[in-house]
There are 2 protein chains.
Amino acid sequence: MNKLYSLYECIQEKGYKLTEKRKIILQVLVDNKDYLLEPSEIFEKVLKVDKNINFSTIYRNLEIFLNAGIAKKVSLENGKSSYQIIFEKEHVHSMICKICGRVEVINTCPFEKIDNEIFEKKGFLPESHKFEIYGFCKECLLEKNF
Amino acid sequence: MNKLYSLYECIQEKGYKLTEKRKIILQVLVDNKDYLLEPSEIFEKVLKVDKNINFSTIYRNLEIFLNAGIAKKVSLENGKSSYQIIFEKEHVHSMICKICGRVEVINTCPFEKIDNEIFEKKGFLPESHKFEIYGFCKECLLEKNF
DNA sequence: GTTCGTGCAAATCGTTTGCAGGAAT
DNA sequence: ATTCCTGCAAACGATTTGCACGAAC
């Protein structure tokens, strides 16, 4: 039932060891489960818990979390990468706040509504897709008085 | 009527000068209008026309083309950026070939089909969105025998 | 003539890697 | 005991910047 525990399991199932650093980074991701975080943001938050952590450990473990299927990586409009923990493996799309990185889930998938005829006509074989809405979340709207 | 000429106009309207280098880079983008090109690819193609061009000139001008609204930048899944010329300012979505970077246009917009209720409920103000389908184009499928 | 654009080299930013010691299994 | 993980420092690739000269207006 414990979310953290099932994440630990995913890591160990893949043959990765369950280290202290790994637990701390995971905890930070879980604490910010509704936000997309850049590696530097993750690093800073982890630093507050463990002063003796290296940036390369962050990168190496983010990569491992991706492999274990417990995190996702998003290439944002500005060209930077951000990461977010994923609990349910289901396929979802997002509304992303351009100010704070908060992510809200959209429960419909536009891809399912597309007429397959367009792929047949072009001879294109679709493999994956991306649907993201960028804007401003309620909290940031109130704060910034837009 | 000439496409190149109207691109020149866009550049000059913004107060940028119409230089030889700028024309060459534009020509390369126009010649590859159906493809997303990485800066390094653009650089190589420009080199064939003008041996005396610097990489920084490519970057500086791509930025200017973005400002002038005649090119678009796409942050791909691998974290790299690619560029493409845009003729019509209309809003379109794309199918992108993961092998050759070929871009085919999708003429429906999934955003329009979304129920606005979800934004009202979350208090989210949408500003822009992205819908991209990644896969393999006909040519690459034939060539690689997938 | 003034402003802007360019090549060059160096700087910067985000990310990755080799290695040697330390921790998890 | 073995394998994996980590900090450190260095390397790396993509992109940006300061400068002095040259080109467009």
Side-chain angles (χ1 to χ4, degrees), chain A residues 5 7-28 36-47 49-68 70-83 101, chain B residues 5 7-28 36-47 49-68 70-83 101:
Chain A
Y5 183 71
L7 293 175
Y8 290 172
E9 274 187 329
C10 290
I11 286 178
Q12 293 185 306
E13 275 168 14
K14 289 271 179 177
Y16 299 121
K17 290 177 179 170
L18 196 53
T19 67
E20 270 316 300
K21 310 284 176 178
R22 221 153 259 177
K23 288 182 186 172
I24 295 171
I25 299 172
L26 262 185
Q27 183 65 57
V28 162
L36 277 172
L37 298 181
E38 295 178 14
S40 62
E41 294 174 303
I42 297 169
F43 180 54
E44 280 165 29
K45 289 175 194 294
V46 170
L47 261 186
V49 182
D50 179 353
K51 287 188 301 299
N52 191 32
I53 188 139
N54 195 272
F55 221 139
S56 57
T57 303
I58 303 288
Y59 277 107
R60 283 193 269 233
N61 281 311
L62 287 173
E63 198 60 34
I64 280 169
F65 296 163
L66 292 183
N67 274 325
I70 60 176
K72 71 170 178 175
K73 177 181 181 178
V74 177
S75 294
L76 290 176
E77 290 180 322
N78 58 13
K80 288 186 180 176
S81 295
S82 293
Y83 296 80
Chain B
Y5 183 71
L7 293 176
Y8 291 171
E9 274 187 329
C10 291
I11 285 178
Q12 293 184 306
E13 275 169 13
K14 289 271 178 176
Y16 300 119
K17 289 175 179 171
L18 197 53
T19 68
E20 271 315 301
K21 311 285 176 177
R22 221 154 258 177
K23 288 182 187 173
I24 296 172
I25 300 172
L26 262 184
Q27 183 65 58
V28 163
L36 277 172
L37 298 180
E38 295 178 12
S40 60
E41 295 175 303
I42 297 169
F43 180 54
E44 280 166 29
K45 289 174 194 295
V46 171
L47 262 186
V49 183
D50 179 353
K51 286 188 302 299
N52 192 31
I53 188 137
N54 195 272
F55 220 139
S56 58
T57 303
I58 303 289
Y59 278 107
R60 283 193 267 233
N61 281 311
L62 287 173
E63 197 61 33
I64 279 169
F65 296 164
L66 292 183
N67 274 325
I70 59 175
K72 70 171 178 176
K73 177 181 181 179
V74 177
S75 294
L76 290 175
E77 290 180 322
N78 58 14
K80 287 186 179 175
S81 295
S82 293
Y83 297 80

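Chain letters run A, B, ... following the sequence lines, proteins first and then strands; every chain starts at 1.
Direction change of the helix axis from one end of the helix from C:dG1-D:dC25 to C:dT25-D:dA1 to the other is 40°, with five pairs defining each end axis (rounded to 10°).
Atom OH of B:Y16 and atom P of C:dT3 are 17 Å apart (whole Å). In this structure, A:K51 atom NZ and D:dC8 atom C1' are separated by 18 Å, rounded to whole Å. Taking atom OH of residue B:Y59 and atom P of nucleotide D:dG18, one finds them 18 Å apart after rounding to whole Å. Computed from coordinates, the B:I53 CD1 to C:dG5 C1' distance equals 11 Å when rounded to whole Å. Residue A:I58 contributes atom CD1, which lies 12 Å from atom P of C:dT15 at whole-angstrom precision. Across the protein-nucleic acid pair, B:E9 atom CD and D:dC25 atom C1' stand 17 Å apart, rounded to whole Å. Remark: C1' of D:dC5 and CZ of A:F55 are 18 Å apart, rounded to the nearest angstrom.
For B:R22, counting side-chain heavy atoms from C-beta on, the closest listed nucleotide (D:dA14, C:dG5, C:dG7) is C:dG5.
Among all heavy-atom pairs drawn from A:S81 and A:S75, the shortest one is OG-OG, 4.3 Å.
B:Y59 meets the ring-ring contact (aromatic ring centres under 6.0 Å, His included) test with B:F55; sequence neighbours excluded. A:K23 meets the side-chain contact (heavy atoms from CB on, under 4.5 Å) test with A:Y8, A:L18, A:E20; sequence neighbours excluded. Contacts of A:E38 classified as salt bridge (charged side-chain N to carboxylate O under 4.0 Å, His left out), with partners at least two apart in sequence or in another chain: A:K80. With sequence neighbours left out, the side-chain contact (heavy atoms from CB on, under 4.5 Å) criterion links A:N54 to A:S56, A:T57. Under the rule for a salt bridge (charged side-chain N to carboxylate O under 4.0 Å, His left out), the partners of A:K21 that lie at least two apart in sequence or sit in another chain are A:D50. Every residue two or more places apart in sequence or in another chain that forms a side chain to side chain donor-acceptor pair (under 3.5 Å) with B:Q27 is listed here: B:D31. Shown here are the salt bridge (charged side-chain N to carboxylate O under 4.0 Å, His left out) partners of B:E63, two or more places apart in sequence or in another chain: there are none. For B:K72, the side-chain contact (heavy atoms from CB on, under 4.5 Å) partners at least two apart in sequence or on another chain are B:V74, B:Q84, B:I86, B:S94.
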Output a table of nitrogen or oxygen pairs between the protein and nucleotides 17-22 of chain C separated by less than 3.5 Å.
from: C:dG18; atom 1: O6; to: A:R60; atom 2: NH1; distance (Å): 3.3

Could you list the protein-to-nucleotides 22-24 of chain D atom pairs, N/O on both sides, closer than 3.5 Å?
from: D:dA24; atom 1: N3; to: B:K17; atom 2: NZ; distance (Å): 3.1

